[in-house]
Protein chains: 2
Amino acid sequence: MERVYNFSAGPAMIAQSVLEKARDELVCYADKGMSVMEMSHRSSMYVDIFNQTKALLKQLMNVPDEYEILFLQGGATLQFSAVPLNLMTSGKADYVDSGNFAHLAAEEARRYGEVRIVASSREDNYTYVPALDGIRWNADADYAYITTNNTIYGTRYTAIPDTGAVPLVADASSNILSEELDVTKFGVIFAGAQKNIGPAGLCVMIIRRDLLGRQNALCPKLMNWELESKNDSMLNTPNTYGIYMAKLGFEWLRDLGGVPAIYQQNVYKANLLYDYLDNSALFTAPARRECRSLMNVTFVTGDPEKDAAFVKYAAARGLVNLKGHRSVGGMRASIYNAMPVEGVKKLVDVMKAFEKENA
Amino acid sequence: MERVYNFSAGPAMIAQSVLEKARDELVCYADKGMSVMEMSHRSSMYVDIFNQTKALLKQLMNVPDEYEILFLQGGATLQFSAVPLNLMTSGKADYVDSGNFAHLAAEEARRYGEVRIVASSREDNYTYVPALDGIRWNADADYAYITTNNTIYGTRYTAIPDTGAVPLVADASSNILSEELDVTKFGVIFAGAQKNIGPAGLCVMIIRRDLLGRQNALCPKLMNWELESKNDSMLNTPNTYGIYMAKLGFEWLRDLGGVPAIYQQNVYKANLLYDYLDNSALFTAPARRECRSLMNVTFVTGDPEKDAAFVKYAAARGLVNLKGHRSVGGMRASIYNAMPVEGVKKLVDVMKAFEKENA
């Protein structure tokens, strides 16, 4: 069976060499006589895998020693609740509403305290991210919250705000490891794994250690960052296989040259699409130019029937999952780290052919 | 590489044919051109896998229609918090303290309300499960809680208590699908996957529908059973690959003849070990005979040095992870559904040889 180019927003493509390595090791890992799935999380063979995974992420993202790295379950959504439960000591937080997931995170935080939306692009269908220089952050906030890339709308922050003494919390699910992030500017970075890291069911957390220990008494044990930190992500059995897959993905990225190298490739891939879109008579890109995402490229014909026809046309040519999110319609090409350049080139060719046939 | 017999308490052995099927489908699933790990959880190809998994569990456990089946993240431990957050409407619950995990579940429930320990074997090192006929359940409890099998101590309930109108909640992590459970006797059954279902990172839930909608206002969104039920376990991206692995495991069990057939095999396997232990001059089984587990067989020599020597001796012969839990010492052979009869026979042979050499 030939592999397709899968433009899904997540779960998303994984590099073929990573999948092949996982396949080769699936029944028996190295000389251990068992699958990684069968290893006790307390065994030295598994703890080795875990420690390597953590060290690789630390290296790839230049995570300073004063930050803890956790591999938790529940995806980013569980952290929408965990963030306020771990940080809302005075009961107030600032949120930037730049998209659906930012909105959901703010809604969830309201369960636990006062949420101030300090900036929003909601009224404009999230076609841009609110400008950072216009934001008045509150000095009394327990934390300030942003979403670095907005998967559904194809927008992203190209700079990181300075929130002073207020710790900045970021959901980086859809652009982690795709471009360099200066970890020192953040209090907490978290990311669901299923876009740029590995299979779904894992959430990677990077937490400045001084922020540990602020949890609410009602915080469920498994969401308590301090406890998870004291137990090195093994308060209970973690998603052991998901962590192993993340390790294979991190090794692949390291061998490619790390984040600086993949960033160059990501810019190249995104420009192939945006350059074509900017010159197309059929397709347009609704996201504002200055905050275009490198990971999720949204585009429309302006005619829902033509959109549907294009999605079908592309699928017949091995380019799948190009339909936009149900809340916005149109098309979306998610071109995470693991999408080969060839996949994007083929997409542009197919768009050109469709445009010609529908001129 | 030859596969070992892995007696780990969890993550634990998975049937070799299941692992081989997973290996063969890892890079490309059927004619889909992608790995299951890469499938959007909203795609029809993945929803098919999900629905089949659910239908298989329903069939294997005879789950009546008035029960919802959920596949959640966070293992059983997240449910230690979710149970009180979803069911403690008046703030009181009854717990049976039959082991470490029962104890931890009760501790966690105390965060949210009043916990009455209605029976306990804690003072006797959990060498038995408290007798059900001696328990005085409180009629005003929001729920009553038991652990059906105690992994660390090797004990289990062989009957299910009648708690009248009070819903019975059971953590069945370590014996689900190993013997028939009459689902109608329970309000809620939950189980971490990593013992008898598949890889870690998944929690299977069976919930009587009339118990949905009782959650506390502070219940984190992702722990809200009603919301998860309304979204068919896809409030956010679930552990898609873990669910697929569960499907392969369920198919394997169905093809073997289902729970009645595996139960016969489990009784046979456990008896091989207990019969030998009852006649050994070196090894003894600390768990009381009337509540012996079929899944976790604990045994000791009475001499920690000899215990350690045996664990080493067995490992050298391809029988690994026989060391008992750090809290009790000695040995533990976890012989879940996927442990072949041959593995148990080999263990008995190796125990006999060790006994002879150490007579």
Side-chain angles (χ1 to χ4, degrees), chain A residues 1-4 6 8-14 16 19-20 22-23 26-28 30-35 37-41 43 73-78 80-82 85 108 111-112 192 194 198-202 217-218 220-223 235-242 245 318 320-321, chain B residues 1-4 6 8-14 16 19-20 22-23 26-28 30-35 37-41 43 73-78 80-82 85 108 111-112 192 194 198-202 217-218 220-223 235-242 245 318 320-321:
Chain A
M1 176 68 206
E2 206 180 335
R3 279 174 56 82
V4 294
N6 175 11
S8 169
M13 278 190 93
I14 294 175
Q16 188 165 339
L19 292 172
E20 286 166 353
R23 176 197 62 201
L26 197 132
V27 178
C28 276
D31 61 347
K32 306 304 181 192
M34 64 178 79
S35 175
M37 295 183 202
E38 302 175 295
M39 291 180 185
S40 166
H41 57 300
S43 65
Q73 297 186 56
T77 303
L78 193 62
F80 291 175
S81 320
L85 280 165
E108 185 63 12
R111 198 188 297 283
Y112 306 104
Q194 68 272 20
L202 190 68
L218 292 176
K221 188 176 163 179
L222 209 65
M223 296 167 73
L235 188 59
N236 74 336
T237 317
N239 180 345
T240 49
Y241 195 72
M245 286 299 303
V320 304
N321 287 321
Chain B
M1 175 69 205
E2 206 180 336
R3 278 175 56 83
V4 295
N6 175 10
S8 169
M13 279 190 92
I14 294 174
Q16 189 166 339
L19 292 173
E20 285 166 352
R23 176 197 61 201
L26 196 132
V27 177
C28 275
D31 61 346
K32 306 304 182 192
M34 64 177 80
S35 175
M37 295 184 202
E38 302 175 295
M39 290 180 186
S40 166
H41 57 300
S43 66
Q73 297 186 55
T77 303
L78 193 62
F80 292 175
S81 320
L85 280 164
E108 185 62 12
R111 197 188 297 284
Y112 307 104
Q194 68 271 21
L202 191 67
L218 292 175
K221 188 175 164 178
L222 209 66
M223 296 168 72
L235 188 58
N236 73 337
T237 317
N239 180 345
T240 49
Y241 195 72
M245 285 301 302
V320 304
N321 287 321

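Comparing B:Tyr112, B:Tyr241, B:Phe80 by heavy-atom pairs within less than 4.5 Å of chain A, the highest count is held by B:Tyr112. Between chain B and the options A:Gly201, A:Ser40, A:Gly74, the largest number of non-hydrogen pairs under 4.5 Å is found for A:Gly74. Among A:Arg23, A:Gln73, A:Gln16, A:Met245, the residue with the largest count of heavy-atom pairs under 4.5 Å with chain B is A:Gln73. Chosen from A:Ala9, A:Pro199, A:Ala200, the residue pairing most often with chain B at heavy-atom distances under 4.5 Å is A:Ala200.
The two residues A:Asn6 and B:Glu38 make their nearest non-hydrogen contact at ND2-O, 2.9 Å. When all heavy atoms of B:Leu26 and A:Leu19 are compared, the closest pair comes out as CD2-O, 3.2 Å. In this structure, B:Leu85 and A:Pro220 approach most closely via the heavy-atom pair CD1-CG, 4.1 Å. Scanning all heavy atoms of the two residues, the minimum distance from A:His41 to B:Pro11 falls at ND1-CD, 3.5 Å. The shortest non-hydrogen separation linking B:Arg111 to A:Leu218 is O-CD2, 3.5 Å.
Both the backbone and the side chain of A:Glu20 come within less than 4.5 Å of a heavy atom of chain B. With a 4.5 angstrom heavy-atom cutoff, A:Leu235 does not touch chain B via any of its atoms. In this structure, the portions of B:Met13 lying under 4.5 Å from any heavy atom of chain A include both its backbone and its side chain.
No side-chain heavy atom of A:Leu222 sits under 4.5 Å from any side-chain heavy atom of B:Ser81.
In this structure, B:Asn321 CG and A:Met39 CE are separated by 10.0 Å, a value rounded to the nearest 0.5 Å. Note: B:Thr240 OG1 to A:Gln194 CD = 8.0 Å, rounded to the nearest 0.5 Å. If you take OG on A:Ser8 and CE on B:Met34, they are separated by 7.5 Å, rounding to the nearest 0.5 Å.
In this structure, B:Glu108 contributes its side chain and A:Lys221 its backbone to a donor-acceptor pair below 3.5 Å.
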